[in-house]
There are 2 protein chains.
Amino acid sequence: MTNNTDQLPARQQQALKTRQKLLQAGKEVFLENGFQKATISQVIKKAKTGYGTAYVYFKNKDELFITLMEDLMNQFYEVAEMPFKPQAKEEAYENIKKQVRLFLQLALDERDMMKVVKEAIGVSPEIEEKWYGIRERFIERISVDIRYAQAQKLAKEHLDPALTARGWFYSNEMFMWELVMNKGKYQLDDVIVNLTRMYTGGLYE
Amino acid sequence: MTNNTDQLPARQQQALKTRQKLLQAGKEVFLENGFQKATISQVIKKAKTGYGTAYVYFKNKDELFITLMEDLMNQFYEVAEMPFKPQAKEEAYENIKKQVRLFLQLALDERDMMKVVKEAIGVSPEIEEKWYGIRERFIERISVDIRYAQAQKLAKEHLDPALTARGWFYSNEMFMWELVMNKGKYQLDDVIVNLTRMYTGGLYE
DNA sequence: TTATATCATTGACATAGTGTCAATCAAACA
DNA sequence: TGTTTGATTGACACTATGTCAATGATATAA
């Protein structure tokens with residue numbers, strides 16, 4: 001595999017390399033210190049560049065972190081786009097369980113990074129906005145699924161798809177953060193089964 | 001109504017007054033600027049005290065804000081403690097609707113303050129902890145309610161009370177923040193009805 | 001090959017906020 | 001009235017941010 005920097009002039013190659021060094025150092029510093037305690041000084045020290053260099057490549061700490069989040073966030077977008085066309089209630093139940101597991105598992109696979117993401121969402125409006133983008137994408141997708149299930153006469157007509165999708169995603173998201181922050185407090189499978197049962201069947205007989 | 005500072009020596013009265021001035025000024029500064037942008041300098045300027053005085057009465061900005069939140073947080077604790085002893089599914093449904101409305105309405109009545117609280121939760125671990133205390137109190141109370149409903153054969157036995165209570169509260173909490181942050185985007189009654197229907201009856205036929 | 005232009009890199013600087021503490025001031029008390 | 005006690009204060013040391021004029025190295029042109 002040839003690196004696409006091969007053809008570039010040495011100057012641009014160097015610049016790319018500097019940027020990469022800052023990203024790598026940034027990731028390490030964020031994982032070690034969390035979002036708030038991480039400083040540009042720590043990053044440039046680890047990357048072995050001058051202080052001002054960081055500001056050449058990134059507007060500020062928030063932007064550096066957003067760049068580092070991007071890959072992970074795209075994985076969430078992919079999970080959100082999963083197709084959903086159940087023909088029966090049983091099939092719906094299985095589909096939903098599968099998607100919940102993908103969502104929670106992705107967060108747990110990147111647990112250390114997700115902890116920092118959670119902190120960053122609380123501190124930086126720009127990063128919060130990025131997460132809201134993912135949330136709304138999920139909710140929109142789930143709304144479509146609910147309308148489909150209603151058209152198939154599988155789901156109750158009297159529930160508002162947008163509100164129901166939102167409430168459902170909120171539960172999922174919060175359990176995700178709970179699992180990320182308190183590993184081991186709950187069993188993943190228990191959470192998935194209970195969430196899905198609640199969603200599909202409700203609490204009362 | 002006699003003020004209970006009447007009997008105190010003048011020196012302590014003065015100290016109390018200074019503290020009150022800082023609290024009042026703090027509230028104004030937080031509401032005007034939000035949590036992060038609020039500074040001690042702004043507070044002491046508005047309170048007309050010296051810089052160091054603020055640190056005599058409060059360890060830091062977080063502690064000042066926590067003191068300001070206390071009343072509001074206690075109101076949430078009161079809502080969490082509401083009794084719940086339904087004899088039938090219909091009664092349960094009405095009880096639940098009532099409690100959801102109290103919860104959401106309290107947040108909306110203190111909307112401006114709740115916006116700052118949300119920001120502060122994201123920034124300050126101490127304040128986050130305070131909110132988690134309220135959340136866990138709600139969840140514990142709801143767990144008890146679910147167990148009671150299960151014992152009455154009103155609620156499904158196969159749902160885990162702790163997990164179900166948690167998922168249910170998460171939906172409520174997130175809708176609360178949504179209503180607080182985006183006033184008017186959703187109709188309060190629509191949210192309440194949909195949440196409660198989902199919770200009690202589930203999505204599928 | 002040399003001169004010049006371009007642009008990546010740099011750290012000192014201005015700015016802004018925090019928390020501390022020795023000094024000051026005024027009330028309480030002997 | 002003199003002394004003690006404790007409330008108040010702002011200057012100080014510290015930490016972090018973001019900017020920018022100067023520097024240095026590479027690319028280009030003559």
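Computation of the quantities below employed the complete heavy-atom set of this structure, encompassing side-chain atoms and omitting hydrogens, waters and symmetry-equivalent molecules. Since we're looking at a predicted model, the values are computed, not measured. Convention: sequence-line order gives letters A, B, ...; per-chain numbering from 1.
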For the backbone of B/Phe35 and the side chain of B/Lys61, can you confirm whether one donor and one acceptor N or O come within less than 3.5 Å of each other?
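Side chain of B/Lys61 to backbone of B/Phe35, a donor-acceptor pair under 3.5 Å: yes, one is there.
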Presence of salt bridge, B/Lys118 and A/Glu128, under 4.0 angstrom:
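B/Lys118 and A/Glu128: salt-bridged.
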Could you give the [atom1]-to-[atom2] distance, from [X] to [N], as a whole number of Å?
X	N	atom1	atom2	answer
B/Gln36	D/dA16	CD	C1'	14 Å
A/Asp62	D/dT17	CG	C1'	12 Å
B/Lys17	C/dA26	NZ	P	15 Å
B/Lys21	D/dA7	NZ	P	15 Å
B/Gln13	C/dA27	CD	C1'	12 Å

Do the rings of B/Phe30 and B/Phe65 sit parallel, tilted or perpendicular, given the 30° and 60° boundaries?
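Perpendicular.
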How far does CD of A/Gln42 sit from NZ of A/Lys37, to the nearest 0.5 angstrom?
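Between A/Gln42 CD and A/Lys37 NZ, I get 10.5 Å after rounding to 0.5 Å.
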Atom CG of B/Leu179 and atom CD of B/Gln187: how far apart are they, to the nearest 0.5 Å?
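Answer for the CG-CD pair, B/Leu179 versus B/Gln187, is 9.5 Å.
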Pair B/Phe175 and B/Phe103, ring centroids less than 6.0 Å apart
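No, the ring centres sit 6.0 Å or more apart.
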Can you build the contact string for nucleotides 8-19 of chain C? Use B for base contact, S for sugar-phosphate-only contact, and - for no protein heavy atom under 4.0 Å.
SBBBB----SBB
